[in-house]
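Whatever order the structure lists ligands and atoms in, that order sets their numbers, starting from 1. Please read these numbers as outputs of a predicted model, since none were measured by experiment.
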Amino acid sequence: MTIQPARGTRDIYGEELRAFSFVERTAKELAERYGYGEIRTPVFEFTEVFSRGIGEATDVVSKEMYTFTDRGGESLTLRPEGTSGAVRAFISEGMEQNQPVKLFYSGSMFRYERPQKGRYRQFNQIGVELLGASSPQADIEVLSLAWEFLKALGLKDFIRLELNTLGDLESRATYREALVSYFSAHKDELSEDSLNRLDKNPLRILDSKDERDKKIVEGAPEMTAYLNEESREFFETVQEGLKALDIPYTVNPRLVRGLDYYRHTVFEFITESLGTQGTVLGGGRYDGLVQELGGSQTPGIGFGSGVDRLAMLLVETNRLPSAPRPIAVVPVGDDAVFPVMKIAQDLRRNGCIIDMTYSGNMGKRLKKANKINACAAIIAGSDELAKGSVSVRDLDSGEQAEVLIENLPEYLSKYVRG
Ligand code: HAM
């Protein structure tokens, strides 16, 4: 038997990992610019943290969690998302004293979903959570961060922002009733999944992918008609802010998101370039979550973004900056090996990327240098070295020059990027 990675997991390396790092680095840099500090929460938590926070009736909690009992008899769950853990940390670390608190995180999440392109059982998210700010200004700033992040990745032309509001508790409850009564009148036409959701979570029927449901959803009442004055004003201010900051968006009254903790603003950034798993970033306001997990009433808003999907989008749209090219060192003859390794060591200290092959004659080594896409080769035999110089060949133009070793850092500076 050959051992394979478990279904829904994979090894990430090469170009894909380069894209991952680019996404994570960009997110971290931007989050810092917006005043967020990084947090690393545990990969597993008490199951309750997620079941209470995300909601028992959601797909994530009812079908997708990796839950196990440890040797001490505790029920633990691998985190399916980052918000619940961040909020748990906010409470248990006593951060409630210094609001607002702005947290950035990056790491693996786990959901037992059916694997397909862009959907994995272990996947990676970057995310931010802003706790302790109830004003719509916070929503606008969080959306601005999301937008600038995707722009900095060079993906702005491939994504669109969809926005909706779920209103406050009161508005949401009235809307829920309206939905239950509408869908109850169409019980016979609903899919089995949606029938099950009718009592537990009727909002979820709105984003059902089932063709039968889609037809009925078309005629369903819209949230906007059920917003109370306060919720309507809140949503309007968020939209005014987006316009003031030149962030393009469309309102999608059917956007409900898959987790139960949301109130007021919800949003998703979607691409058409990845097939069905096109949501690259999603988030919203969750003013009841801190209390649900045992803290004091504290507003919160944030987003999570799928690194796997963004990395794939970068590669597929040719937006991933190319890898820096190495300079190869090629000793000619055994006597040159150590002196050349010494030159390589010094140049690396100067910030050059230097690679070498470990055996073979000059021809073989130069072939290898081309294979690793080196931009130049430093070729040196003992005669040249005795004169204190080496040859530098530009591997694109083929031009070669003799360069004094002491002048190498300056001569090679054209090859050192950024
Ligand atoms: P979410 O929409 O469940 O929200 O996930 C956020 C993003 O994670 C998705 O838009 C998608 O890009 C990525 N993602 C989710 N599941 C998978 C999967 N199986 N494979 C690959 N990528 C996936 C949350 O998790 C919330 N915690 C976001 C949030 C933060 N809301 C407020 N604060």
Side-chain angles (χ1 to χ4, degrees), residues 7-10 12 16 20 23 27 31 36 39 41 45 49-50 53-55 58-61 63-66 78-90 101-131 133 138-139 142-143 145-146 149-150 153 155 159 161-162 164 166 204 207 255-271 273-290 299-314:
R7 194 162 140 75
T9 71
R10 68 212 198 284
I12 299 156
E16 190 180 15
F20 259 64
V23 171
Y36 286 77
I39 184 163
T41 63
E45 301 264 0
V49 170
F50 305 114
I54 301 168
T58 57
D59 283 354
V60 172
V61 172
K63 298 184 195 160
E64 297 170 2
M65 293 209 302
Y66 280 90
L78 298 185
R79 60 181 180 200
E81 57 114 39
T83 311
S84 309
V87 167
R88 197 271 311 134
F90 172 78
V101 169
K102 296 165 111 175
L103 303 172
F104 164 80
Y105 53 84
S106 165
S108 288
M109 312 286 158
F110 306 83
R111 294 184 194 176
Y112 190 82
E113 292 192 85
R114 197 168 48 78
Q116 64 179 86
K117 182 179 173 187
R119 189 161 72 192
Y120 309 96
R121 291 181 172 172
Q122 175 172 354
F123 61 98
N124 293 270
Q125 277 187 357
I126 62 92
V128 297
E129 310 297 347
L130 166 48
L131 289 137
D139 305 47
V142 164
L143 277 159
L145 168 52
F149 162 56
L150 296 170
L153 293 176
L155 294 174
I159 45 138
L161 166 59
E162 290 194 355
N164 193 21
L166 301 176
R204 290 294 294 159
D207 71 356
L255 181 69
V256 289
R257 310 262 309 125
L259 314 162
D260 271 357
Y261 47 60
Y262 292 113
R263 312 240 176 108
H264 287 292
T265 318
V266 287
F267 55 86
E268 287 186 349
F269 283 86
I270 298 166
T271 178
S273 311
L274 286 182
T276 53
Q277 301 305 312
T279 307
V280 293
L281 186 151
R285 180 167 276 285
Y286 48 85
D287 291 350
L289 182 58
V290 178
I301 176 157
F303 66 74
S305 180
V307 176
D308 309 65
R309 291 184 191 175
L310 287 174
M312 201 189 308
L313 191 57
L314 281 169

Of the listed options ([options]), which comes nearest to [atom] when hydrogens are ignored and any heavy atom counts?
atom: atom 31 (N) of ligand 1; options: Y262, F267, F110; answer: Y262
atom: atom 10 (O) of ligand 1; options: T83, V128, T279; answer: T279
atom: atom 20 (N) of ligand 1; options: Y105, F303, Y120; answer: Y120
atom: atom 1 (P) of ligand 1; options: M109, R257, E81; answer: R257

Contact atoms of ligand 1, heavy-atom distance to [X] under 4.0 Å:
X: R111; answer: 1 (P), 3 (O), 5 (O), 15 (C), 16 (N), 25 (O)
X: E129; answer: 30 (C), 32 (C), 33 (N)
X: G118; answer: 20 (N), 21 (C), 22 (N)
X: Y286; answer: 32 (C), 33 (N)
X: G304; answer: 6 (C), 7 (C), 28 (C), 29 (C), 30 (C)
X: Q125; answer: 5 (O), 6 (C), 7 (C), 8 (O), 24 (C), 25 (O)
X: G283; answer: 31 (N)
X: G282; answer: 10 (O), 28 (C), 29 (C)

Item to check | Ring-ring centroid check Y261 Y286, cutoff 6.0 Å | outcome: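 Close enough - the centres of the two rings lie under 6.0 Å apart.
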Any donor-acceptor N/O pair, [X] side chain to [Y] backbone, under 3.5 Å:
X: S106; Y: I126; result: no
X: D308; Y: G118; result: no
X: R121; Y: F110; result: no
X: R309; Y: V280; result: no
X: R204; Y: R257; result: yes
X: R111; Y: V60; result: no

Next on the checklist: Under 3.5 Å between any N/O of S305 and any N/O of ligand 1: does that happen in this structure?
Outcome noted: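 Not met; the criterion fails.
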Item to check | Polar contact flag for G306 and ligand 1 (N/O pairs, less than 3.5 Å) | outcome: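 Yes; the residue has a nitrogen or oxygen that sits under 3.5 Å from a nitrogen or oxygen of the ligand.
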Do [X] and [Y] touch side chain to side chain, with heavy atoms closer than 4.5 Å?
X: V256; Y: Y262; value: no
X: F104; Y: L145; value: no
X: T9; Y: Y120; value: no
X: T83; Y: E129; value: yes

Residue-level breakdown please: for [X] versus ligand 1, do any non-hydrogen atoms fall below 4.0 Å on the side chain, on the backbone, on both, or on neither?
X: I301; answer: neither
X: R121; answer: neither
X: R119; answer: both
X: V60; answer: neither

Tell me, which protein residue and heavy-atom name are nearest [atom], and how many Å apart are they?
atom: atom 26 (C) of ligand 1; answer: Y261 OH, 3.4 Å
atom: atom 19 (N) of ligand 1; answer: E113 OE2, 2.7 Å
atom: atom 32 (C) of ligand 1; answer: G302 O, 3.2 Å
atom: atom 24 (C) of ligand 1; answer: L259 CD1, 3.6 Å
atom: atom 14 (N) of ligand 1; answer: F123 CE1, 3.5 Å

If the contact criterion is a heavy-atom separation under 4.0 Å, does [X] count as touching ligand 1?
X: G127; result: no
X: D308; result: no
X: E268; result: no
X: F269; result: no

Checklist entry - Minimum heavy-atom separation for M109 to E81, with atom names? => result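 The pair with the smallest heavy-atom distance is SD-C, 3.4 Å.
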Next on the checklist: Please give me the minimum heavy-atom distance between L255 and N164, naming the atom from each residue.
Outcome noted: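 Scanning both residues, the minimum pair turns out to be O-ND2, 2.8 Å.
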Next on the checklist: Closer than 4.0 angstrom, basic N to acidic O: yes or no for R79 and E45?
Outcome noted: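 No salt bridge links R79 with E45.
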Checklist entry - For Q122 and S108, does a side-chain donor sit closer than 3.5 Å to a side-chain acceptor? => result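 Their side chains do contain a donor-acceptor pair, which is all the 3.5 Å distance test asks for.
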Checklist entry - Rounded to the nearest 0.5 Å, what separation is found between the NZ atom of K117 and the CE atom of M312? => result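 Result: 6.0 Å between the selected atoms.
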